[in-house]
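Heavy-atom basis, side chains included; hydrogens, waters and symmetry copies ignored. A note on names: the letters A, B, ... follow the listed sequences, proteins ahead of strands, and every chain is numbered from 1.
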Amino acid sequence: MKQAGYMALRLTPKSGLARMMKALSVLLLVFCIMGIQGTVDARAAQTPSEIQAEIAKLNTKSRKKRTEAAVSLAKRGDPMLLSLLLALREGSLYAWKPAGGEARVVIGGDAVKRGDKEFLPLFEAYSNAPLLDALGKPLLVPIDQVKEIRAGRRIRRAIRPYVNRLKNSAQLLSPDPNIRRAASTRMARLGDPNLISVLRKFLAAEPHWLTRIAFEEAIALIEMKSVDAKVRLAAVRELGEINGLNAIGDLKTAAGLVAGNKGDTDPAVRAEAKAAVDEIEYYLGWTSFIDTIFRGASLGSIFLLMALGLAIVFGLMGVINMAHGELMMIGAYATFVVQGLFISYLPENLFGFYFILALPAAFTAAGLVGYLMEISVIRHLYGRPLETLLTTWGISLVLQQVVRQVFGAQNVDVKAPSWLSGGYHLIIGVQFPYNRLFIIVLAAVCVAGTYLFLFRTRAGMRIRAVTQNREMSTCLGVSSRRVDAWTFASGAGLAGLAGAALSQVGNVGPDLGQNYIVDSFMVVVTGGVGKLMGAIVAGLGLGGMNKLLEPAMGAVFAKVVILIMVILFLQRRPEGLFATRARGA
Amino acid sequence: MTKRLEEKFGGAFLIAAALFFVVIMPSLNAFTSPDSALHISGFTLNLFGKFLAYAILALGLDLVWGYTGILSLGHGVFFGLGAYCMGMYLSLAIGAEGVYKSALPDFLVWNQVKELPLFWKPFYSFPFTLLAVVTVPALFAAGFGYLTFRTRIRGVYFAIITQALALSVWLVFNRNEMNLGGTNGLTGFKKILGLELNSAATQRGLYIATAIVLCGAYLLCRWIVSSRAGRILLAIRDAENRVLYSGYTPSNYKLFVFTVSAALAGVAGALYAPQVGIITPGRIGVLPSIEMVIWVAVGGRGTLIGAIVGAITVNWARSYLTSSFPDYWLYFQGGMFILVVHFMPDGIVGLVRRLPEFAKKLMSKRNRSGPSPSGDPSAAGD
């Protein structure tokens, strides 16, 4: 234990905390912004008069005129008309003449029986909104007061292609902005000029900024196919301005950058397209840069979470715990078990909360295993690091096999709660997945919590005291054995938390721990033993570096290069980033 | 008493053991009829050939860990380098008899490599291969050791770095771009020096070669540890700073012993590849590398003979347990790591050495009749 005595824990208290708080507040801000995003569906349902007139034309005896009207409605590509056309196809479109009013075309719902008479609830033909009576209740009309608008085979066949297309644009009405965006992209691909007005209308009502841009992009993409060079020029300029990432292929073709294609016939459009391509590619460079930074931060915070427990166990106590990865695995499996309990015993709508409960469960489970490890085995090996290494490796093999026999050798399925799926769109082309953001926040909270625990609580003070001078602490009445056990258990608990977090981004299987153990030890070695700050900087640094190198040389060679860099780095600073000035023992 | 016993019988025992492995075992395989009780099947001989190759590696590991106190968790890398060198020779020796009837090894054809990569070409020559088997791992170890020992990276730090090395090399060898067979490694060998590799006689020859190399390796290690340099190695293990302050340069000695150990591992790998018939990255990674350490621990570190005993015992137990109780091998292995470190720090050899002492104590206890006031704590665990 003598060496450990020299390894004073230092986190440069003031500046370290301030820096952490800053990082935390930035992340909180990000989450707040995510909350503010407005809810959708503010589209007013007023029927435009020309469409109204056209709908009225459906109510005619002439089959030819009816077909004409139906086709011209369908051609409009307005998704609001989908329900009308579907009703027409299914024979639930009716002409209804209210008492003392003009005949209107309405959609009929499922018939309701009242006594021996059948009634129909009616819906507005365009908006599909229920018609209300004077009291504000849904209007029920006796079935014999309405007349079906017949749609023969001819009509059905005539409108079929348009209906299919409309189903596509009907997704513009979806409450999910992702679906709306995808629909607009598909509409752009269809390239039907009729769709421009539809997109324009929805653009005006669209509450989500990113989706608005997607709509603009789709409009411009369709306009690029216009015969009018002026329209094309404007569209190309627009695409350049809004950084239409989906348009880059079309723009390249227009600029004549694709082999075997001369590009747009109009030289002005060609030049503008070239400029737009440059602009978008420049923008793409930025987005991929931001993306890399984010992924680096995300991997770094995973490393950090893993290394935090090690920084306590290895850094403070001088114990090499090769079973650290398996403690993470236990945390991940604890998450799996909590998830299973929620599925079998609690109502479905509570499922989202399982992860909140899984975090303390993972901490406790791993902490308990760690506690047992310490009092049974590791306690007897203090001061013999190489022996500890081998013993804990043995423990890790046993733990793996136990998990393999209890849960099976296959990976288990840990589902993300709904509030962790999806992501936050920062700008076009950059999406931060919520689960990654969550891990960053969790890592920050864990670092802050560990710091506060070590430097602001009595238990933390005892830990530091035993680390710095075991004999003196014992003399002053600190039970160093108990402190050792609890320190180890809390380090193990942090590993469990890391495992729970990992379950959201990676596979959960018996060899989960093995995949990360080398990485986390590299973080500790690079950061320097006994310094929380070292673990933080090294974790984020190695994670960032990994992601920075990955695109250029692939995951494997990035890892190798990082190992070489760590070895070279240790040439200059053998004690790690944040070395304590102490004589080697 | 113990010392005298070892001095008296140690040498004789070693010679007997060497004779047994080099002469008797292959003779029992070759000259007895398969029905005889003394017959050793080709399968068993092959298995022992593998174990003896492992024992060569364990000797090197004992040199660095048991004698110099450097725990290397990356010896699988050196083993693998040696094995891959030999594997490349064997792959080229297949000639055009592969599945694709091409002069290139099958996997290269499959990966659509048109021409033999440059670094493969020297491996047409057997003498070059023999040279490479020793020098490639040794040079690699020397480079790696130079960087690490120079900055006095030691103890657990060194262990962790070597583990990371094992992981990286494993990752690299898994890649197809390396033109070393990727995950599947090198296999499908047919000939060595023009002889049919799979014939019983060739395999027996390989076994004898392995046993002889093992004897040679043992003598080499014995010579190193009993030399003046060997004493400095021990001193480095026990008090590196004092060695430094006495005017020696520990890093040079460490580099030397690490390089020798890597060369031994490479030779072991080269003997392993033709006997097992396949070499994959799976033999390189973190797991096999750390398993090698337990061989030495079980046999008894710092004894040389313990390394050999450990490698054979553990691997024999492994091949028995993984076939009979596949689910329990990991428990056994994990338990070995825990128990050996706790209760048998000197391994099997330590136990055997303490036997006379133990017996004497038992005798005196019986003579005295009645429990002794304080039991020997070190003996209690055994």
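Contact count versus chain B (heavy atoms, under 4.5 Å) is highest, among A/Ile517, A/Leu386, A/Thr392, A/Thr388, for A/Leu386. Counting heavy-atom pairs under 4.5 Å between each of B/Leu165, B/Ile294, B/Asp327 and chain A puts B/Asp327 at the top. By number of non-hydrogen pairs under 4.5 angstrom with chain A, the leading residue of B/His342, B/Glu240, B/Met336 is B/His342.
Closest of all the heavy-atom pairs between A/Val398 and B/Gly335 is CG2-N, 4.2 Å. Closest approach of B/Ile160 to A/Phe521, counting heavy atoms only: CD1-CD2, 3.4 Å.
More than 12 heavy-atom neighbours from other residues, nucleotides or ligands sit within 6.0 angstrom of CZ on B/Arg150. Counting heavy-atom neighbours within 6.0 Å of B/Tyr320 OH, excluding the residue itself, gives a total of 12 or less. Other residues, nucleotides and ligands place more than 12 heavy atoms under 6.0 Å from the CZ atom of A/Arg379. More than 12 heavy atoms of other residues, nucleotides or ligands lie within 6.0 Å of CH2 in B/Trp65, so this atom counts as buried by the packing criterion. Applying the 6.0 Å contact sphere to OH of B/Tyr248 captures no more than 12 heavy atoms from other residues, nucleotides or ligands.
Residues satisfying the side chain to side chain contact (heavy atoms under 4.5 Å, CB included) test with B/Leu321, not counting sequence neighbours, are B/Phe325, B/Trp329, B/Phe332. In this structure, B/Arg283 has no salt bridge (charged side-chain N to carboxylate O under 4.0 Å, His left out) partners at least two apart in sequence or on a different chain. The side-chain hydrogen bond (donor to acceptor under 3.5 Å, both in side chains) check on A/Gln514 picks up nothing, with sequence neighbours excluded.
In this structure, chain A has no heavy atom under 4.5 Å from any part of B/Glu291. Looking at A/Ile395, both its backbone and its side chain come within 4.5 Å of chain B, counting heavy atoms on both sides. Only the side chain of B/Ile290 comes within contact range of chain A, with at least one heavy atom under 4.5 Å from a heavy atom of that chain. Both the backbone and the side chain of A/Glu387 come within less than 4.5 Å of a heavy atom in chain B. Contacts of B/Val293 with chain A are made by side-chain atoms alone, with heavy-atom separations under 4.5 Å and no backbone atom involved. With a 4.5 angstrom heavy-atom cutoff, B/Leu339 does not touch chain A via any of its atoms. With a threshold of 4.5 angstrom between heavy atoms, B/Ala164 approaches chain A through its backbone and through its side chain.
Proximity of A/Leu381 to B/Val341: side-chain heavy atoms (C-beta onward) are separated by under 4.5 Å at one or more points.
Heavy-atom neighbours of chain B within the stretch residues 559-566 of chain A, taken at a separation under 4.5 angstrom, comprise A/Lys559, A/Val560, A/Leu563.
Here B/Leu330 contributes atom CG and A/Leu399 contributes atom CG; the two are 11.0 Å apart, rounded to the nearest 0.5 Å. How far CD1 of A/Ile567 is from CG of B/Leu147: 6.5 Å, rounded to the nearest 0.5 Å. Atom CE of B/Met178 sits about 6.0 Å away from atom CZ of A/Phe557, to the nearest 0.5 Å. Atom-to-atom distance recorded for A/Leu389:CG and B/Gln163:CD is 7.0 Å, nearest 0.5 angstrom. Distance CG/A/Leu390 to CD1/B/Ile338: 11.0 Å, rounded to 0.5 Å. Here the straight-line distance linking atom CG of B/Leu287 with atom CG of A/Leu397 works out to 6.5 Å at 0.5 Å rounding.
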- Task: Would you please test A/Trp393 and B/Val286 for side-chain contact (heavy atoms from CB on, under 4.5 Å) and show each step?
- Result: CA-CA 11 Å; A/Trp393 181 267; B/Val286 171; 3.9 Å; yes
- Task: Determine, stepwise, if the pair A/Met322 / B/Phe337 fulfils side-chain contact (heavy atoms from CB on, under 4.5 Å).
- Result: CA-CA 12 Å; A/Met322 281 287 163; B/Phe337 272 105; over 6 Å; no
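In terms of modelled atom types and a separation under 3.5 Å, the side chain of A/Gln401 and the main chain of B/Tyr328 share no donor-acceptor contact.
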